[in-house]
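Down below is the structure, laid out as structure tokens.
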Amino acid sequence: MYPTHSLPDAFTRLATRRSVKAMDLQEPGPDPDQLKALLAAAIRVPDHGKLGPWRLLTFSGAARGQFGQALADRFKQDNPTAPAALLAKEAERFNRAPLVIAVISRITTPHKIPEWEQILSAGAVCQNLLLAANLQGFAAQWLTEWYAYDEGINQTLGLTEGERVAGYIYVGSSADKPDERVRPELAAVCNAWSA
Ligand SMILES: Cc1cc2nc3c(=O)[nH]c(=O)nc-3n(C[C@H](O)[C@H](O)[C@H](O)COP(=O)(O)O)c2cc1C
């Protein structure tokens with residue numbers, strides 16, 4: 001299992017974290033206690049105005065296949081001639097990982113706290129989920145794919161006015177350490193401001 005060594009300190013974990021592709025995630029996922037701890041850590045984010053501008057939906061066990069069927073049905077509506085193999089792939093999407101967490105951005109408008117800041121707070125929940133899962137020894141990936149932007153799927157999720165999907169966080173275990181990914185040079189994206 002990745003990591004194959006004892007957990008190094010949190011900073012090293014943060015500095016070396018990588019996503020693992022949803023299709024490479026496997027059992028085990030978090031047990032009920034780990035899940036509770038993961039979710040509690042995830043919502044501990046900066047939140048200007050204490051609005052709680054987000055909510056979470058978890059998918060595990062049979063719910064993953066049931067939601068997958070909704071994805072396949074919706075996909076077929078838009079692509080009536082889609083071959084069975086493609087529909088089967090849609091139906092299996094959420095079964096790629098033991099756990100999927102939908103992070104829903106929930107904005108209040110008009111409000112003195114800018115919409116932008118409320119949305120950023122939801123992004124922080126997504127990133128916290130990646131980090132917290134990683135610190136628990138799990139691997140994870142933040143995906144949106146087509147179904148984060150689909151009105152029909154939003155209805156299936158029960159989203160209301162002002163709500164949209166910030167991300168689907170897939171969580172599980174990984175057999176292999178992922179390869180490093182090309183990163184921007186720090187000097188290219190960070191400069192000391194001077195007058
Ligand atoms: C908002 C958001 C949405 C993303 N959606 C997708 C996606 O739909 N498909 C995909 O392959 N990667 C997507 N990614 C990229 C992966 O989550 C991840 O950034 C990439 O695999 C490398 O991750 P790492 O830098 O954490 O290792 C998305 C990233 C963000 C921030």
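Counting starts at 1 for both ligands and their atoms, following the listed order.
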- Which protein residues have a heavy atom closer than 4.0 Å to any atom of ligand 1, listed by chain and number? R17, R18, S19, Q141, W142, L143, T144, E145, R181, R183
- What pairs with Y168 under ring-ring contact (aromatic ring centres under 6.0 Å, His included), at least two apart in sequence or on another chain? F94, Y147
- Item | Check ion pair R96-E145 (N to O, under 4.0 angstrom) | yes
- Charged N to carboxylate O below 4.0 Å: is that the case for E90 and R93? yes
- Query: For R74, what residues pass the salt bridge (Lys or Arg N to Asp or Glu O under 4.0 Å) criterion, not counting sequence neighbours?
  - Reply: D150
- Message: I want to check something: taking the side chain as every heavy atom from C-beta on, are I169 and L130 in contact at a cut-off of under 4.5 Å?
- Response: yes
With a 3.5 Å cut-off and sequence neighbours excluded, list the donor-acceptor pairs that the side chains of residues 97-111 form with protein atoms.
unit_1 : atom_1 : unit_2 : atom_2 : d
R106   : NH2    : G52    : O      : 3.2
R106   : NH2    : W54    : O      : 3.4
H111   : ND1    : I113   : N      : 3.0

